[in-house]
Amino acid sequence: MKFDRFAKLIAGISLAFALPWIFLVIVPFIQGSNLEPVPYPEGQEVDGGIAAYPDPTLYRNGSSDYGRQIYAAEGCAYCHTQVIRPTYAGADMWRPGWGGREEDGLARETQARDYLQEEIAPLGYQRIGPDLSNVGHRITERELMHRHLSDPRSLDPDSGMPAFLHLYEESPDGEDLKPTKKAEALVDYLLSLKKDQPLPGKG
Ligand code: HEC
């Protein structure tokens with residue numbers, strides 16, 4: 001009799017751990033790993049004639065794919081997120097430029113498929129700096145992007161962003177900084193960050 005109650009207790013505790021694990025980890029994991037690109041329906045025109053969402057050619061360019069790895073290796077995700085939260089969970093959509101092209105009515109929240117081409121979704125740990133989901137729309141010039149990485153205080157004297165000088169080489173006369181291959185690839189990746197691709201069947 002006593003043992004019976006003990007067994008029930010253990011079963012109850014096991015269930016209390018197992019159920020949330022199944023529904024919060026296993027089920028979303030299975031749903032997330034079966035995502036495929038969705039082709040645009042006939043008649044939906046998308047800039048650049050992209051055939052599907054997410055753009056199947058995204059990060060095929062070797063350099064921006066390498067840059068994606070530099071982004072991970074340099075720990076950019078410790079200070080920068082890449083997720084525009086739904087409005088019930090935060091005010092991201094009201095921050096200028098965060099959701100993407102507001103003027104074209106394309107600004108939106110991040111969807112699971114936006115990370116389909118990336119091995120690891122760079123969600124980020126904290127937001128010391130701004131969200132970078134759509135930084136490719138905000139900063140469009142290579143030079144400016146390099147300056148953000150090599151000398152952020154020249155753009156904003158109070159910037160809390162560290163200078164990533166080890167990604168740059170000094171020219172022989174010590175006057176200029178020359179980007180290394182890693183810096184060029186990282187900039188290719190950052191310029192490509194546009195997580196506001198129109199969703200199939202919508203605007
Ligand atoms: C210690 C925290 C920290 C780390 C690590 C960090 N950043 Fe930043 N970053 C910031 C802060 C704070 C700002 C805002 C101030 C500014 O614009 O300089 C910023 C701004 C930026 C901007 C300009 C964004 C905009 O919308 O204007 C870019 C681009 C950027 N960071 C890229 C990177 C990349 C790439 C890395 C990794 C190589 C990185 N950051 C690592 C703190 C950080």
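Since the structure is predicted, the reported quantities are computational estimates derived from the model, not experimental observations. We count ligands from 1, going down the list as the structure has it; atoms in each ligand are counted the same way.
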I'd like to check which ligand 1 atoms, numbered from 1 as shown, lie under 4.0 Å from a non-hydrogen atom of Leu149. 34 (C), 35 (C)
Glu74 heavy atoms within 4.0 Å reach ligand 1 at atoms 38 (C)
N/O donor-acceptor pair under 3.5 Å between Thr180 side chain and Leu167 backbone: yes
ring-ring contact (aromatic ring centres under 6.0 Å, His included) between Tyr71 and His80: does it pass, once the steps are laid out? CA-CA 10 Å; Tyr71 184 90; His80 291 283; 7.4 Å; no
Which residue and heavy atom of the protein sit nearest atom 29 (C) of ligand 1, plus the separation: Met145 SD, 3.8 Å
Heavy atom under 4.0 Å from ligand 1: found in Ile70's side chain, backbone, both, or neither? neither
In this structure, atom 15 (C) of ligand 1 is nearest to the protein heavy atom Ser159 OG, 3.5 Å
Atoms of type N, O or S from the protein that sit nearer than 2.8 Å to atom 8 (Fe) of ligand 1 number exactly 2
Fit a plane to each ring of His146 and Tyr168, take the angle between them on a 0 to 90° scale, and name the class: parallel (under 30°), tilted (30 to 60°) or perpendicular (over 60°). perpendicular
Check Leu190 against ligand 1 and report side chain, backbone, both or neither, counting heavy atoms closer than 4.0 Å. side chain
Could you go step by step and tell me if Glu102 and His137 meet the side chain to side chain donor-acceptor pair (under 3.5 Å) rule? CA-CA 11 Å; Glu102 271 151 50; His137 286 306; over 6 Å; no
Hey, what do you get for CD (Gln197) to CZ (Arg101), rounding to the nearest 0.5 Å? 8.5 Å
Listed by chain and number, what are the salt bridge (Lys or Arg N to Asp or Glu O under 4.0 Å) partners of Arg147, not counting sequence neighbours? none
Are Tyr78 and ligand 1 in contact, using a heavy-atom cut-off of under 4.0 Å? no
